[in-house]
Amino acid sequence: ARRMMMLWTVALIAFLYLWVERRWGYAAGLIAASLAAVHPTLLAHGRLVTTDMPLAATTFVSLAALIAWIERPGWARVAGFGLATTAMVLSKHSGLAYVVVMSLILLAAAGLGRGGFGEGPRWRALGLCAAQLSLVAVVMIFVIDAAYLFDRVGLSVAEILAAPEP
C-alpha cells in the first residue's frame, strides 16, 4: 500500500513537470519538478497510506483541465475536465467541494467572456458551459455509482442511514 501512495507522489510530480514544461519550457518544468520532489510536505505525506496524495494529484490534474477548458473551450476539454474531476471525487469525497468551486470559476469565465469564451454573445457561452457542466455532472454520478457497483443506488437518505455499514 505504501508503494502505491509513493506512486501517487511520483505521478503528481510528473503531472506538474508536464504542465509547467508545456507552458514555460523545459528548464521551468525541471525546476518545478525538482522543487516539488524535495518539498517537505510531499516527502512527509507521500509515503503515508491516506487519501491525501491521490487527492492532491487529481486536484492538480483537474485544475490543469479547468485552465485548458477556459483557454480553449471544446468538447475534448469538457471530457478531460470530466475525467479529472471524477477521479478527484473518487479519490476522496471532499473533492466534490473542489468540483463546485471549479464549476463556479468556469461559469464566471464564460459569463465574463474570459479566455476562449470571448467570442460570440456571452449568454450563449454561459448557456453552453452550463449544459456541458450538467453533462459532466450526470456522467460523474454514473461513474461514481459504477465504481461502487451501484450499491445503495435509489435508496433514500433515511434508508441509507438505517442500513448497517458493510
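Since the model is a prediction, treat every value here as computed from it, not as a measurement.
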Minimum side-chain heavy-atom gap [X]-[Y] below 4.5 Å:
| X | Y | value |
| --- | --- | --- |
| P54 | M5 | yes |
| Y148 | I144 | yes |
| W69 | Q132 | yes |
| Y98 | V89 | no |
| T86 | V139 | no |
| D52 | K92 | yes |
| H93 | T51 | no |

Any residue meeting salt bridge (charged side-chain N to carboxylate O under 4.0 Å, His left out) with R124, in chain and number order, not counting sequence neighbours: none
Measure across [X] and [Y] and return the closest heavy-atom pair with its distance rounded to 0.1 Å.
| X | Y | answer |
| --- | --- | --- |
| A37 | I13 | CA-CD1, 3.7 Å |
| L12 | A57 | CD1-CA, 3.7 Å |
| R77 | A68 | NH1-CB, 3.3 Å |
| M53 | L42 | CE-CD2, 3.7 Å |

Using the rule that two of Ile, Leu, Val, Met, Phe, Trp, Tyr join whenever any of their side-chain heavy atoms come within less than 4.5 Å, decide whether [X] and [Y] are in one cluster.
| X | Y | answer |
| --- | --- | --- |
| V101 | L96 | yes |
| F60 | L7 | yes |
| M88 | V143 | yes |
| L126 | V136 | yes |
| M140 | I105 | yes |

Residues in side-chain contact (heavy atoms from CB on, under 4.5 Å) contact with L63, at least two apart in sequence or another chain: T59, L66, M102
Distance-only, no hydrogens or angles: does the T85 side chain make a donor-acceptor pair with backbone N or O of V99 under 3.5 Å? no
Show the atom names and distances, to 0.1 Å, of all donor-acceptor pairs under 3.5 Å that link a side chain in residues 15-27 to residues at least two apart or in another chain.
{"from": "R23", "atom 1": "NH1", "to": "E71", "atom 2": "OE1", "distance (Å)": "3.4"}
{"from": "R23", "atom 1": "NH1", "to": "E71", "atom 2": "OE2", "distance (Å)": "3.3"}
{"from": "R23", "atom 1": "NH2", "to": "E71", "atom 2": "OE2", "distance (Å)": "2.8"}

Share the residues that join L35 in a hydrophobic cluster, the rule being Ile, Leu, Val, Met, Phe, Trp or Tyr side chains under 4.5 Å apart at the heavy-atom level. I31
Would you give the length of the straight line joining atom [atom1] of [X] to atom [atom2] of [Y], rounded to the nearest 0.5 angstrom?
| X | Y | atom1 | atom2 | value |
| --- | --- | --- | --- | --- |
| F117 | L107 | CZ | CG | 8.5 Å |
| T9 | L43 | OG1 | CG | 8.5 Å |
| L48 | R2 | CG | CZ | 7.0 Å |
| L135 | W75 | CG | CH2 | 5.5 Å |
| S62 | F81 | OG | CZ | 6.5 Å |
| L106 | I67 | CG | CD1 | 11.5 Å |

Tell me if the CZ atom of R152 is crowded by more than 12 foreign heavy atoms within 6.0 Å. yes
If you draw a 6.0 Å radius around CD in E119, do more than 12 non-hydrogen atoms from other residues or ligands fall strictly inside? no
Quick one: side chain to side chain donor-acceptor pair (under 3.5 Å) partners of T58, sequence neighbours excluded? S91
Which residues pass the side chain to side chain donor-acceptor pair (under 3.5 Å) test with H39, sequence neighbours left out? none
